[in-house]
Amino acid sequence: MSEVINDVFGSMLILDRMNAHTEQDALYPFALDELLCKETGLGGPSVCHIWQQPRSFIIGLRDSRLPGAAEARTWLESMGYRTAVRNSGGAAVPLDLGVVNLSLILPKQGAGDERFRSDFERMYGLIREALAHTGFEVDKGEIAGAYCPGDFDLSIGGRKFCGIAQRRQAHAFVVQAFVIAAGSGQERAQLVKEFYDRAGAGAPAADYPQVESRSTASLEELTGLGPHAAEQFASAVKDIIRSRQTAEGTAASAARLILPGSREVADMAEQLRRRYTSG
């Protein structure tokens, strides 16, 4: 394992919310990340937040400004999706219980953003190691036709299963990854394509991703992990972090950890909703 991965995990804490589905607000996990990031910036510990979100559709800020965005959101909500505009970078992504979300919440180190790419590399390295036992190589680089495209698309055999985004505050930042673990990647990509068909009506094609449904697949489809791929992948991530934790480091981190209450998170979710929702 490279030094860029080892250098933060000795004292990192794991916040496992894989089965915490009582909070239905699509912005709840993003609001929790926002508050945890603020605490990390004030001297709190580094945290790996692992979470799932049932039947939601998260829209990028640029997506929300497309001419048909409001109509597209109404269409999604008519099918039972909770929609929200996220405060981290990136474009539209559907979330469900087959998607594992990882948030690495870390303090800034050094002046400026010179560590920007290394923070993405850290997430890439963690995911790559979590999948090493499958025998499949995880590639990095934009996949044509994938939703939420970027330089740090992660793929196997040319099909994307993961995207990475970042949210930066004054003294800390969050690197977020969505990992399509179980179910059909093609069906999710088709949903995003149909969203953009509606949201982008009347806008130049260059204003939004041109999604092709066959660009995307799940780990279940790509590696044969089976229908419990989400749980298996999350377990592998936790095992990697725990193998690098030290008793001294985690004890010191636990003493500094302040977890926000549900009311505080709900209030932050409402602030984010007002701040990032157009109109």
Side-chain angles (χ1 to χ4, degrees), residues 12-65 69-70 72-74 76-97 99-108 119 123 148 163-178 195 199 234 253-279:
M12 178 173 281
L13 299 179
I14 298 171
L15 177 58
D16 182 357
R17 295 182 60 256
M18 280 290 289
N19 297 305
H21 306 147
T22 56
E23 298 293 345
Q24 299 300 306
D25 187 342
L27 279 178
Y28 190 95
F30 295 92
L32 179 55
D33 278 357
E34 187 80 356
L35 291 168
L36 290 171
C37 189
K38 185 179 297 184
E39 286 297 330
T40 298
L42 293 173
S46 299
V47 177
C48 177
H49 177 199
I50 305 176
W51 52 280
Q52 293 167 298
Q53 178 65 29
R55 201 167 177 81
S56 299
F57 196 97
I58 308 302
I59 299 165
L61 186 59
R62 186 176 179 183
D63 300 329
S64 72
R65 295 169 177 159
R73 290 183 69 171
T74 299
L76 287 165
E77 289 162 3
S78 74
M79 297 189 296
Y81 287 91
R82 301 170 189 89
T83 67
V85 180
R86 62 172 165 173
N87 60 336
S88 54
V93 295
L95 300 181
D96 54 62
L97 299 186
V99 178
V100 178
N101 301 277
L102 304 178
S103 301
L104 296 182
I105 303 167
L106 300 161
K108 283 186 178 178
D119 301 329
M123 180 68 85
C148 196
I164 302 175
Q166 190 176 90
R167 163 69 174 163
R168 299 178 78 81
Q169 296 183 1
H171 304 293
F173 59 93
V174 186
V175 182
Q176 295 172 332
F178 70 87
F195 164 78
S253 291
R256 304 197 315 274
L257 178 66
I258 300 175
L259 280 177
S262 58
R263 181 69 262 168
E264 187 179 1
V265 181
D267 288 345
M268 175 55 71
E270 188 56 34
Q271 289 182 42
L272 295 178
R273 186 172 289 105
R274 291 196 302 266
R275 188 183 308 164
Y276 292 99
T277 299
S278 298

Q: Measuring from Ile14:CD1 to His49:NE2, what's the distance to the nearest 0.5 Å?
A: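 NE2 of His49 is found 12.5 Å from CD1 of Ile14.
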Q: Measure the spacing between CG of Leu35 and CD1 of Ile105 and express it to the nearest 0.5 Å.
A: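 Taking CG in Leu35 and CD1 in Ile105, the distance rounds to 10.0 Å.
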Q: Within the structure provided, determine whether Thr40 and Leu106 are in side-chain contact (heavy-atom separation under 4.5 Å).
A: no
Q: If you look at every heavy atom in Ala165 and Gly89, which pair is closest and at what distance?
A: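 Smallest heavy-atom distance, with atoms named: CB-O, 3.1 Å.
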Q: What's the shortest heavy-atom distance between Pro260 and Leu36, and which atoms?
A: CD-CD2, 4.0 Å
Q: Measure the spacing between CD1 of Ile164 and CG of Leu102 and express it to the nearest 0.5 Å.
A: 9.0 Å
Q: Measure the spacing between CG of Asp16 and CH2 of Trp51 and express it to the nearest 0.5 Å.
A: 13.5 Å
Q: Can you give me the closest heavy-atom contact between Gln169 and Lys108, atom names plus distance?
A: O-NZ, 2.7 Å
Q: Hey, can you tell me if Phe195 and Phe57 have their rings parallel, tilted or perpendicular (30° and 60° cut-offs)?
A: tilted
Q: Please check this pair: side chain of Ser88 against backbone of Gln166, looking for a donor-acceptor N/O pair closer than 3.5 Å.
A: no
Q: Counting distance only, does the side-chain N/O of Ser56 pair as donor-acceptor with the main-chain N or O of Pro54 below 3.5 Å?
A: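 Answer holds: yes.
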Q: Evaluate the side-chain proximity of Phe30 to Ser103: yes if any heavy-atom separation is below 4.5 Å, no if none is.
A: no
Q: Can you confirm whether Leu15 sits close enough to Leu259 that some side-chain heavy atom of one is under 4.5 Å from a side-chain heavy atom of the other?
A: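 Sidechains of Leu259 and Leu15: in contact.
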Q: When rounded to the nearest 0.5 angstrom, what is the spacing between CG in Asn19 and CD1 in Ile50?
A: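 It is 11.5 Å, given to the nearest 0.5 Å.
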Q: Arg55 versus Met79: any side-chain heavy-atom pair under 4.5 Å?
A: yes
Q: Tell me the closest heavy-atom pair linking Leu272 and Asn87, and the distance in Å.
A: CD2-ND2, 3.8 Å
Q: If you look at every heavy atom in Val265 and Ala31, which pair is closest and at what distance?
A: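 Distance-wise, the nearest heavy atoms are O-CB, 3.5 Å.
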Q: How close do Arg17 and Pro29 get, counting heavy atoms only, and between which atoms?
A: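 Shortest heavy-atom contact: NH1-CB, 4.1 Å.
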Q: Quick check for you: to the nearest 0.5 Å, what is the distance between Met268 atom CE and Leu27 atom CG?
A: 11.5 Å
Q: Taking it one step at a time, do Asp33 and Arg86 satisfy salt bridge (Lys or Arg N to Asp or Glu O under 4.0 Å)?
A: CA-CA 11 Å; Asp33 278 357; Arg86 62 172 165 173; over 6 Å; no
